[in-house]
Student: 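The structure under discussion is supplied below as structure tokens; questions concerning it will follow.
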Amino acid sequence: MASKAAAENVGKHRGWESLNLFLNKYGIVLILLAMLVAFSLLSEGFFTARNIFNIIRQISFMGLIAIGVTMVILTGGIDLGSGSVLALAAVLATSLAQLPESATLKYAGLSVPIGVPVLVALLIGALTGWVNGALIARFRIPPFIATLGMMTVARGFALIYSNKPLSQLTPEYNFIGQGAIAGVPFPVIVLLVVAVLTHIMLNNTRFGRYIYALGGNEQAARISGVNIDRVKIGVYTLAGLLSGLAGLVVSSRVGSGQPGQGVGIELDAIAAAVIGGTSLSGGIGTIWGTIVGALIIGVLDNGLILLNVDQYWITIVKGTIIVVAVIIDQRKNR
Amino acid sequence: MASKAAAENVGKHRGWESLNLFLNKYGIVLILLAMLVAFSLLSEGFFTARNIFNIIRQISFMGLIAIGVTMVILTGGIDLGSGSVLALAAVLATSLAQLPESATLKYAGLSVPIGVPVLVALLIGALTGWVNGALIARFRIPPFIATLGMMTVARGFALIYSNKPLSQLTPEYNFIGQGAIAGVPFPVIVLLVVAVLTHIMLNNTRFGRYIYALGGNEQAARISGVNIDRVKIGVYTLAGLLSGLAGLVVSSRVGSGQPGQGVGIELDAIAAAVIGGTSLSGGIGTIWGTIVGALIIGVLDNGLILLNVDQYWITIVKGTIIVVAVIIDQRKNR
Amino acid sequence: VAPAAAPAAAPAAEEAAAEEAAPAEGGDAIRVGVTMLFDDRWLTSMREAMAAYGEAQEGVEVIFVDSKEDVAVQLGQVENFITQGVDAIVVVPANTDATDPMTQAALDAGIPLVYVNRKPANLPEGIAFVGSDSIDAGIFQMEWIAEALGGKGNVVILNGNLSQEAAQMRTEGVKQVAANFPDIALTKEQSGNWSREEGLAIMENWLASGDQIDAVASNNDEMAIGALAAIEAAGKLGEIIVGGVDASADALAEMDAGRLNVTVFQNAVGQGEGGIAAAIALARGEAIEQITWIPYELVTPENYKDYMK
Amino acid sequence: MGEETVLVMEHISKAFPGVQALSNVHLAVRRGTVHALMGENGAGKSTLMKVLIGMYLPDQGEITFLGRRVKIESTQQALRMGISMIHQELSPEPYMTVAENIFLGREPLGRWGLIDKKKMVADTRALLERLEIDIDPNTVMRTLSVANTQMVEIAKAISYESRLIIMDEPTSAITDREVAHLFRMIRALKAKGVAIIYITHKMDEVFQIADEITVFRDGQHIATVRAADTDRNSLIAMMVGRELTNLFPKEEATIGEVVLSVRNLTRSGLVHGVSFDLHRGEILGLAGLMGAGRTEVIEGIFGIQPIDAGEIYVRGERVRIQAPADAIQHGMALLTEDRKLTGIMGVLSVRDNMMIASLGSYTRGGFLNRRVIDETCGREKSRLELKTPHMDQLIKLLSGGNQQKVLVSRWLLTVPDILILDEPTRGIDVGAKSEIHRLMSKLAQEGKAILMVSSELPEILGMSDRVLVMHEGRVGGEFVRKDATQETIMRAATGQRVAA
Ligand SMILES: Nc1ncnc2c1ncn2[C@@H]1O[C@H](COP(=O)(O)OP(=O)(O)OP(=O)(O)O)[C@@H](O)[C@H]1O
Ligand SMILES: Nc1ncnc2c1ncn2[C@@H]1O[C@H](COP(=O)(O)OP(=O)(O)OP(=O)(O)O)[C@@H](O)[C@H]1O
Ligand SMILES: [Mg+2]
Ligand SMILES: [Mg+2]
């Protein structure tokens, strides 16, 4: 009888619960929509297919990194090295995709199929990520320190490999960042595909669930027989791979691999994840939330410029709006 | 009977325990000592009073920020805005301490006593910190986001206030960063005094113990009657104040207030805290550990330059050594 | 001497503006979008010159955005300008080797584009440039230092941010000149990230090493001033030649005090005004020279007074 | 033993910094039996079990499982071999559903290697139904009560179909009703030949369910006996090393005026119009089934959660309590039910944990008086027979019962007038328990008022001057000491009208 009452209780709370869940889930989307409406009213050029693609293309590589860092944060970790890894991947890849007539030619006489630079970028990304993961899982280095180390080390190697930008790239390479399929810019497609795949991975595979389990309660995961170390190494490797992919996208977008590329992008990516509802203590967060977070950042960057807001004020306004968005998002959680 | 056996047991293990405690506590000091010995052997100029003062002077303002961020991390938070607040405090203070003949004079005809710029720097620091604290405590914004917001906002205001360096300062002002008392550089004295005071505060006052309690278990602390919000606001205010102080020290050291000053210094400061044994999940850490961490970073920066290490390799070597130091420090904990 | 090097395009545009008091094209104001690095001393002066010049022109509005020295950010900004429908775009390229997508976007949209200050590696027909050649700054600086050293001595280099164009090219210039003097050795080189504080710290550390240093070639004045503070603290003022770049107010004051030996003037006002003038002219469909050079000028204790306001 | 022996552990030793947790102990468990492991807090029971499931590597010793010599190095391996465990410290994945928690680490896979969520939920539902546990598999763990969380962990451990199940204080958070339920499950498991190691501090449970009993003291094996061959008193003697007579040393205290008065306390959906008075010198027991809302009442009184309606009077005066600090100001103290979540500050020292609530009384000129603090800690340590190598030890390294003792000290040091104790002796050994009970009696005699929530009826009956029984957020009955019996309380707790 008592247990029946309990069951009823559960039932009763279920409805309220789902409204709450809805707000929890979609509060930040409402904020994004509000922004879109506001900017559309304030600026004519804002709500055009072209500008919307602009925004997504502009956040595409940051979005890739944000997806990676979301998974890392879900385990209760952090990745500060993404921007540097992006640069390292970019210079390595572009050095293998230069036109023979390039003024900054790194390897004269080199002509390799497009797959090679792509693979190299992904591999170096994955490798740096693996190193992060190994340091964190096996040597118990706090993720903040391990990836901060990677931030300086990868940047150093990028600069040693080439302290100058590597430009004049093959058209196939440039297609990654500049091309379009059926009118949809290729970077946008890449971002969407990665988002969908990681979403499925997180929700429907063991590895994905273990990522959440680690962040929710590492101890519980361990005593349930989850191989903690393997999951950690896997997550950081994946995040590194996505940083490498971001390096590909950004270098092909600007047609040049730059050792100084991507400074500070990790903070934007982390902000995107947190705005999108990822908890920095792990266990809570979704990929699509992160995408919404990245869009909010992209829309602000784009919209404030369209409105001719003074540049110094842009940073102030952007910082403030992000904080306010998070406040609103928190409030409704009460 | 049983308790007597237990007491004996305890007695027996006391020796082993204290060795372990010693290693736990002083492991990182041994690493610092090892570095000092290595650099002394490798470079003649390294182990001179003058160079040691160089090192401490060079880390003095980062050290101040590291002390502040240590307290913040002890509560389980983080502060990413320190570098920007430093810059804001620096331009505000120096604008009130320019010589009348300065080429970049901000306020013509202004001549205020030295106390005014000092107070202004400390106040603006405290104010920004208070805002951080209020956002975090009252609006439940994750510290990462609140202080990331402050990072961009404070930098924006610094640039709006003066987008040029404010130079040619009064001798009294410059004394803060350039002067010496009895041969000891003034910034070194400032750092030491602040370190001692905060150490005492953390260990011998209620406020200090509450800081640890918050990081240990916020909910438990609240139930034990700790006013969580007040402690949080207090800690961030204090950290802000120290960032303001750091702004004073660095601007007087170079004789110029620069809106672009201090970018990325917060990461060095956090690294110093973590190297010194502060746990990013809160509750664990000491001021003197942080000072040792800051010294390790300073010694590396200084020693590697003395050894003429190639500039590209410096970041790589520094990043690697820091990670290795943390590995060694972790190992002995096992 | 300095203001005399005003750009060719500027006066022409001024005249054009004077003649045609009414704003161009359907009575709308001409809007010029500028993307450039904000967090830089010299570029800020140039930006202020641009803003002032734009303000002075009737019916012209100049919008500035911060490129943060990031090519991807800058490309995004150019795209946003195009969406916004500005009449002309001015770009201080974050990197001269990665301008093609911006160039292409502007050409596709039919919006005039002017590169200012740094010359893109690839400057196709229809795209203008107003500026100077970064490498010259290093060459001028080092030539003077080499002569002052009598062709003999140990020179150290303070680099700007290693991943930035200006730092790479200025250092390149210094090295080119030094290569011509067999008795000049470039003994040390570190990045001080354009910062006075870092310049000071690095110089303190170099001096502590006890190695002989005869001259400092700094990529900018800020680091040079930092180095001077370290030299002063070590009691070696006057023994070490210090050269900077920018001829900033602080640097000229240091030179006035007899501490800084040489710096290189880059005409911020000339480049800024020239850039905006070119953009306005193109927006109005007027023809201009594709390239307008505004050269660097050497500033020494002999002529520095000409550069003080 | 022979054929039937499932597990033999021999010569097991394990030391931690400053503590010899186990020295040369042995344990043998037979198929289809319940083997109780008893001992004071810190005796090493949990440690031995963690050695068994590969969480700790022993310093020495051998393990034979199902007749084979094994070296167990990870929980994964232990699970695979057929050993599962209900851990003393509840350790759920808070943001995951019940089904995900139960299948964590062995999710059923469907097409393309993706998790078959339907099957997972269906299997969970079947499992819970089979075990007669009424919880929706899709509920998020965080929203479950402590009791339900424990039921889920029990279900999870059973679901591995192991040959040996370790239950480390599985009833710490549940009431008699669920305990009876658990015992039914255990008997069913026994019948299937599963061996069970059962750790508890509750005497009556042992005699209800155990076949054999092993007693540890200070990390040493004291005795192994058949349950039928021993009795409560000799068992206690083995555990504590001395005779312990009066388990509920209730002393008469003069009951004085009302000090705390609660009127119409309401928290929507949880507590409905609860009113009661608490007098000087009185111990008021608050009984009820799990989920009855007792904790919720207390959270409202103490200012942990906001109340929607109701008044609180302290010594006749209306008080407004918005935060625990206000409650403490008014002379209240609260020992919470969830030690890990709201009690201990894990990475802090025993000293810090003990002093946190009363630091204000130990300052001199704004600074903490270290000498007095150390003296106080020393006194508390001996008073509660706290087992810790020193006061700088991190509290998380103490055994569960010793952590509880530190928390009791924390509140006594605030010198409260009104003590609210939510499950005060959960996980505490008999010796310490009677010590805490003695303390409660003494405090009541000194004129303190005590409100005690307990799910242990003997404790309620033994200690209370008056018993309040809650049922579904309401006060369902009130009994003075002489009228309170197991039956009357249970009737009120299940919502049957009491003909008083
Ligand atoms: N990880 C650890 N580090 C240091 N000491 C520990 C650790 N784990 C347990 N101990 C110590 O080992 C001893 C045995 O602890 P254990 O948890 O096995 O006791 P227990 O018999 O389960 O007690 P309880 O009934 O209170 O749960 C205690 O003194 C405890 O403080
Ligand atoms: N964190 C929570 N979130 C949502 N509901 C909760 C939470 N904690 C408890 N509840 C609900 O509140 C009710 C009472 O919980 P609980 O079982 O703790 O009551 P109780 O009377 O204190 O019982 P006991 O003292 O036996 O634990 C239950 O219906 C439970 O589901
Ligand atoms: Mg135990
Ligand atoms: Mg309860």
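Residue numbers begin at 1 in each chain, while the letters A, B, ... track the order of the sequences.
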Student: Which heavy atom of A:Q258 sits nearest to which heavy atom of C:A98, and what is that distance?
Tutor: NE2-CB, 3.0 Å
Student: Would you mind checking which part of A:R57 comes under 4.5 Å of any heavy atom in chain C, side chain (CB onward), backbone (N, CA, C, O), both or neither?
Tutor: side chain
Student: Rounded to the nearest 0.5 Å, what separation is found between the CD atom of C:Q164 and the CG atom of A:N163?
Tutor: 13.5 Å
Student: For chain C, which residues from residues 260-269 of chain A lie under 4.5 Å away (heavy-atom distances)?
Tutor: A:G260, A:Q261, A:G262
Student: Ignoring hydrogens, what is the shortest heavy-atom contact between C:I82 and A:R50? Give both atom names and the distance.
Tutor: CG2-NH2, 2.8 Å
Student: For residues A:L306 and C:N80, report the shortest heavy-atom separation together with the two atoms involved.
Tutor: CD2-O, 3.6 Å
Student: Please classify the contact between C:E61 and chain A as side chain, backbone, both or neither, with a heavy-atom cut-off of under 4.5 Å.
Tutor: side chain
Student: Test A:N54 against C:T83 for side chain to side chain donor-acceptor pair (under 3.5 Å), laying out the working first.
Tutor: CA-CA 9 Å; A:N54 265 356; C:T83 304; 2.8 Å; yes
Student: For A:Q311 and C:D66, which heavy atoms make the closest approach, and how far apart are they?
Tutor: OE1-N, 2.9 Å
Student: Show the atom names and distances, to 0.1 Å, of all donor-acceptor pairs under 3.5 Å that link a side chain in residues 85-103 of chain A to residues at least two apart or in another chain.
Tutor:
unit_1: A:T94; atom_1: OG1; unit_2: A:A90; atom_2: O; d: 2.7
unit_1: A:T94; atom_1: OG1; unit_2: A:V91; atom_2: O; d: 3.3
unit_1: A:S95; atom_1: OG; unit_2: A:V91; atom_2: O; d: 3.4
unit_1: A:S95; atom_1: OG; unit_2: A:L92; atom_2: O; d: 2.7
unit_1: A:S95; atom_1: OG; unit_2: A:Y161; atom_2: OH; d: 2.6
unit_1: A:Q98; atom_1: OE1; unit_2: A:K106; atom_2: N; d: 2.8
unit_1: A:Q98; atom_1: NE2; unit_2: A:S102; atom_2: OG; d: 3.4
unit_1: A:Q98; atom_1: NE2; unit_2: A:T104; atom_2: O; d: 3.3
unit_1: A:Q98; atom_1: NE2; unit_2: A:T104; atom_2: OG1; d: 3.0
unit_1: A:Q98; atom_1: NE2; unit_2: A:S167; atom_2: O; d: 3.1
unit_1: A:S102; atom_1: OG; unit_2: A:T104; atom_2: N; d: 3.1
unit_1: A:S102; atom_1: OG; unit_2: A:T104; atom_2: OG1; d: 3.3
unit_1: A:S102; atom_1: OG; unit_2: A:S167; atom_2: O; d: 3.0

Student: At a heavy-atom separation under 4.5 Å, does A:V250 approach chain C through its side chain, its backbone, both, or neither?
Tutor: side chain
Student: Where on A:F46 is there a heavy atom nearer than 4.5 Å to chain C: the side chain, the backbone, both, or neither?
Tutor: neither
Student: Is C:E79 close to chain A through its backbone or its side chain, or both, or neither, when contacts mean heavy atoms under 4.5 Å?
Tutor: both
Student: Of all heavy-atom pairs between C:G76 and A:Q58, which one has the smallest distance, and what is that distance?
Tutor: O-NE2, 3.1 Å
Student: A:R253 and C:A72: which non-hydrogen atoms are nearest, and at how many Å?
Tutor: NH2-O, 4.1 Å
Student: How far does OG1 of A:T315 sit from NZ of C:K68, to the nearest 0.5 angstrom?
Tutor: 7.5 Å
Student: Tell me, for C:L75 versus chain A, whether the close heavy atoms (under 4.5 Å) come from the side chain, the backbone, both or neither.
Tutor: both
Student: How about C:Q290: does its CD atom have over 12 heavy atoms from other parts shown lying under 6.0 Å from it?
Tutor: yes
Student: Has the side chain of C:Q84 got a donor or acceptor atom that lies under 3.5 Å from a matching backbone atom of A:I305?
Tutor: yes
Student: Looking at C:D70, C:I63, C:D97, which has the largest count of heavy-atom pairs under 4.5 Å with chain A?
Tutor: C:D97
Student: Is the CD atom of C:E55 crowded by more than 12 outside heavy atoms at less than 6.0 Å?
Tutor: no
